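What you are looking at is a predicted structure, and each value in this text was computed from that prediction instead of being measured.
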Amino acid sequence: MRSPRRCSRNGCPRQAVATLTYVYGDSTAVVGPLAAFAEPHTYDLCETHARSLTAPRGWELVRHDGDFAPPPPTTDDLVALAEAVREAARPVPPRPDDTDHAPQTGRRGHLRVIPPSH
């Protein structure tokens, strides 16, 4: 399942609710609602970091006045969740009891299974 976007600040595990964009030509930093898609030259921020952000000296800061709300789940999120639930609900095939069968020698990937010597 695709995880929600996280805050871009180092060490911050919170969910992003805002997007920071720098407009270098105008020396302006803009903090607005979370963009629909993550862009390479923007930063996703949690509410705490979006509200406490300051602009560099000589720059103007434009900040969204309303509440920052997490984005609603997308159809992709709901489909991924439904698939995860289906996968978790699948019955697990019974494992053969090792005491009922003689040890087998075989190959599994790059490893060779060798029965213990008695």
Side-chain angles (χ1 to χ4, degrees):
M1 181 167 91
R2 187 176 61 143
S3 63
R5 286 162 43 192
R6 298 284 173 205
C7 184
S8 297
R9 296 289 298 260
N10 281 341
C12 183
R14 293 183 287 250
Q15 183 177 4
V17 295
T19 297
L20 166 64
T21 306
Y22 288 107
V23 183
Y24 293 98
D26 295 333
S27 298
T28 304
V30 180
V31 179
L34 188 64
F37 301 100
E39 298 290 333
H41 301 291
T42 62
Y43 302 90
D44 293 338
L45 300 173
C46 65
E47 184 163 6
T48 301
H49 288 122
R51 297 223 180 268
S52 65
L53 182 87
T54 58
R57 185 174 296 154
W59 283 53
E60 182 180 355
L61 176 63
V62 177
R63 191 185 326 260
H64 173 70
D65 284 336
D67 290 331
F68 292 111
T74 64
T75 304
D76 292 343
D77 294 336
L78 296 175
V79 169
L81 179 60
E83 288 173 2
V85 168
R86 270 191 231 103
E87 181 69 28
R90 281 196 184 130
V92 177
R95 294 177 56 182
D97 187 12
D98 293 335
T99 58
D100 292 345
H101 303 288
Q104 296 177 353
T105 301
R107 250 179 108 68
R108 296 183 65 189
H110 67 283
L111 301 176
R112 183 173 298 237
V113 179
I114 301 174
S117 59
H118 294 281

Any chance you could lay out the side chain to side chain contact (heavy atoms under 4.5 Å, CB included) test for Arg5 and Gln15, step after step, and finish with the verdict?
CA-CA 6 Å; Arg5 286 162 43 192; Gln15 183 177 4; over 6 Å; no
Grouping I, L, V, M, F, W and Y whenever their side-chain heavy atoms are under 4.5 Å apart, do Leu45 and Trp59 come out in a common cluster?
yes
To the nearest 0.5 Å, what is the distance between CZ (Arg57) and OG (Ser27)?
14.0 Å
Pairwise distance CZ(Arg14) to CD(Glu47) - rounded to 0.5 angstrom:
10.0 Å
Quick check on the hydrophobic clustering: are Leu53 and Tyr24 connected, directly or via other members, by side-chain heavy-atom contacts under 4.5 Å?
yes
For a quick test of reading the model, state the closest non-hydrogen atom pair linking His49 to Cys7 and the distance between them.
ND1-SG, 3.4 Å
Look at the side chain of Arg9 and the backbone N and O of Cys46, then say whether any donor-acceptor pair between them is shorter than 3.5 Å.
no
Side-chain contact, heavy-atom cut-off 4.5 Å: Leu61 with Thr54?
no
Give me the atom names and distance for the closest heavy-atom approach of Gly32 to His64.
CA-CB, 3.9 Å
Check step by step if side chain to side chain contact (heavy atoms under 4.5 Å, CB included) holds for Asp44 and Leu34.
CA-CA 7 Å; Asp44 293 338; Leu34 188 64; 3.6 Å; yes
At what distance, to the nearest 0.5 angstrom, does CG of Leu20 lie from OG1 of Thr42?
8.0 Å
Is it true that Val31 and Val62 fall in one hydrophobic cluster, defined by side-chain heavy atoms closer than 4.5 Å?
no
Distance in Å, Tyr43 OH paired with Thr19 OG1, rounded so as to fall on 0.5 Å steps
12.5 Å
